[in-house]
Amino acid sequence: MTDRRKRMALSTGIELAIDGLARGLSFALLGAAITLVFGLGNVLNLALGSFAVIAVVVAVTVGGAVGSVAVGAVAGLVVVAVLGLVVDRTLLSSVYRSEGEERIVLGIFVTLGLAIALDGIMFVYVPLTYSLAHGVPGVELAGIGIRGSTLLTFAVAIPVLVGLFGFLDRTQLGTATRTVVHDETGALLCGVNPRRIRTIIFVVSLVLAGIAGLLRAASSDVTVSAGFELTVFAIIVAIVGGVRDLRGTVLAGFGLGLVITAANFIVGAYLANVLLFAVAVAVLIARPEEIS
């Protein structure tokens with residue numbers, strides 16, 4: 001291999017790694033959204049991806065109407081948060097009244113039904129494809145090209161994840177959240193209201209998913225059918241990361257982002273997705289207790 005080809009191969013590898021890390025950040029946001037809700041209340045939110053798509057639909061619609069992508073993005077996240085609050089105080093109330101495995105199963109059926117309903121409404125009433133014109137230019141450093149959407153992902157996702165861990169580790173509400181996760185009875189004795197904490201975390205999880213959806217729309221088209229795919233990615237990342245382990249989920253997001261980006265380049269998108277499923281199945285076989 002000539003020096004020129006070696007430099008080109010090195011540049012391509014670095015570009016793939018950078019794109020993979022950016023994709024991993026989006027995966028980490030989705031996985032964290034699943035992990036927070038499941039770890040806190042044993043509810044597997046299968047409607048997560050649908051809320052991410054709703055954030056994109058609202059952001060593009062409002063942003064186009066007012067001429068500001070930032071305003072549209074904020075509007076999308078606000079709408080998702082409000083919808084999440086409504087869902088939590090209505091549909092999920094019956095779920096949280098159950099216990100143990102019954103709650104897990106009921107949560108799956110309720111959120112799956114919600115996802116089907118939301119997707120059906122969007123198929124009927126909104127256009128099928130959306131993209132976010134973020135306006136961030138790409139850059140080239142030492143012959144390595146970095147896309148504008150990748151830069152935007154780093155600029156948004158890293159502070160969000162740092163803020164999430166700061167919230168959980170350094171605030172009174174975050175401490176209360178961790179207390180409920182580890183010992184709900186002890187939290188009650190300390191005056192913490194688990195139901196209120198679950199409501200807050202559910203809304204936070206949907207905002208995280210909304211941010212991931214917006215970042216996805218900044219790099220590629222998002223269809224109204226993308227909710228299922230985003231939910232699957234979120235679940236795979238959460239499973240590989242340990243389901244209830246937030247830090248493990250974030251690390252898994254990075255790792256799987258690198259894997260699927262490299263696999264897309266080498267073997268194509270279809271086989272790359274198959275590879276992700278294979279990883280998830282292997283992890284479930286190796287440690288099935290993680291989802292109990």
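Residue numbers run from 1 in the order of the sequence given. The shown structure was predicted, so the numbers you read here are calculated from the model rather than taken from an experiment.
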Within this structure, what is the [atom1]-[atom2] distance for the pair [X] and [Y], rounded to the nearest 0.5 Å?
X: T249; Y: I239; atom1: OG1; atom2: CD1; result: 10.0 Å
X: L215; Y: T153; atom1: CG; atom2: OG1; result: 4.5 Å
X: L132; Y: L214; atom1: CG; atom2: CG; result: 6.0 Å
X: F233; Y: L256; atom1: CZ; atom2: CG; result: 9.5 Å
X: L85; Y: L92; atom1: CG; atom2: CG; result: 11.0 Å
X: L258; Y: D19; atom1: CG; atom2: CG; result: 10.0 Å

Taking the hydrophobic residues Ile, Leu, Val, Met, Phe, Trp and Tyr, and joining any pair whose side-chain heavy atoms are under 4.5 Å apart, which ones share a cluster with V105?
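Cluster partners of V105: F109.
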
Anything under 3.5 Å between a donor and an acceptor, one on a side chain of residues 259-267, the other on a protein residue two or more places apart or in another chain? List them.
residue, atom, partner, partner atom, Å
T261, OG1, G257, O, 2.7
N264, ND2, I260, O, 3.2

Option among E101, R103, R244 that satisfies the side-chain hydrogen bond (donor to acceptor under 3.5 Å, both in side chains) test with N42
R244

Please report the closest heavy-atom contact between [X] and [Y], naming both atoms and the distance.
X: S149; Y: A218; result: CB-O, 3.4 Å
X: S131; Y: V60; result: O-CG2, 3.5 Å
X: A55; Y: G210; result: CB-CA, 3.7 Å
X: V126; Y: M122; result: CG2-O, 2.8 Å
X: D169; Y: R247; result: OD2-NH2, 2.7 Å
X: V203; Y: G84; result: CG2-C, 4.3 Å

Under 3.5 Å, side chain of [X] to main-chain N/O of [Y], donor-acceptor pair present?
X: R216; Y: V222; answer: no
X: T231; Y: G49; answer: yes
X: T35; Y: V243; answer: yes

Flag side-chain contact, heavy atom, 4.5 Å: [X] against [Y]:
X: F202; Y: L40; result: no
X: L206; Y: N45; result: yes
X: V237; Y: L30; result: no
X: L21; Y: L25; result: no
X: L230; Y: L48; result: no
X: L128; Y: V224; result: yes
X: V250; Y: L164; result: no
X: Y130; Y: D221; result: no

Using the side chain to side chain contact (heavy atoms under 4.5 Å, CB included) rule, take R147 and I18 through it: C-alpha gap first, then chi angles, then the decisive distance, then the call.
CA-CA 10 Å; R147 297 184 300 166; I18 293 173; over 6 Å; no

hydrophobic_cluster_shared for [Y] and [X], side chain cutoff 4.5 Å:
X: V79; Y: V74; answer: no
X: I158; Y: L29; answer: yes
X: I54; Y: V82; answer: no
X: I200; Y: V78; answer: no
X: L251; Y: F27; answer: no

If the condition is ring-ring contact (aromatic ring centres under 6.0 Å, His included), which residues does F51 pass it with, not counting sequence neighbours?
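Checked F51 against ring-ring contact (aromatic ring centres under 6.0 Å, His included); zero matches.
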
Test applied, side chain to side chain contact (heavy atoms under 4.5 Å, CB included); reference residue, L44; option that passes from T111, V37, I104, I34:
I34

Among side-chain atoms of D119 and S50, is any donor-acceptor pair under 3.5 angstrom?
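Judged by distance alone, the side chains do pair up.
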
Under a 3.5 Å threshold, yes or no: a donor from one side chain and an acceptor from the other, between D88 and T199?
yes

Step by step, would you call I197 with L173 a side chain to side chain contact (heavy atoms under 4.5 Å, CB included)?
CA-CA 8 Å; I197 297 296; L173 185 58; 3.4 Å; yes

Give the C-alpha distance, both sets of side-chain angles, the deciding distance and a yes or no for side-chain hydrogen bond (donor to acceptor under 3.5 Å, both in side chains) between R97 and S93.
CA-CA 6 Å; R97 282 195 290 269; S93 290; 5.2 Å; no

Is the CZ atom of F228 crowded by more than 12 outside heavy atoms at less than 6.0 Å?
no

I'd like to know whether CZ of F277 has more than 12 heavy-atom contacts from other residues, nucleotides or ligands below 6.0 angstrom.
no

Geometric cation-pi criterion, R195 with Y96: 6.0 Å, 45°
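Cation-pi check for R195 and Y96: fails.
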
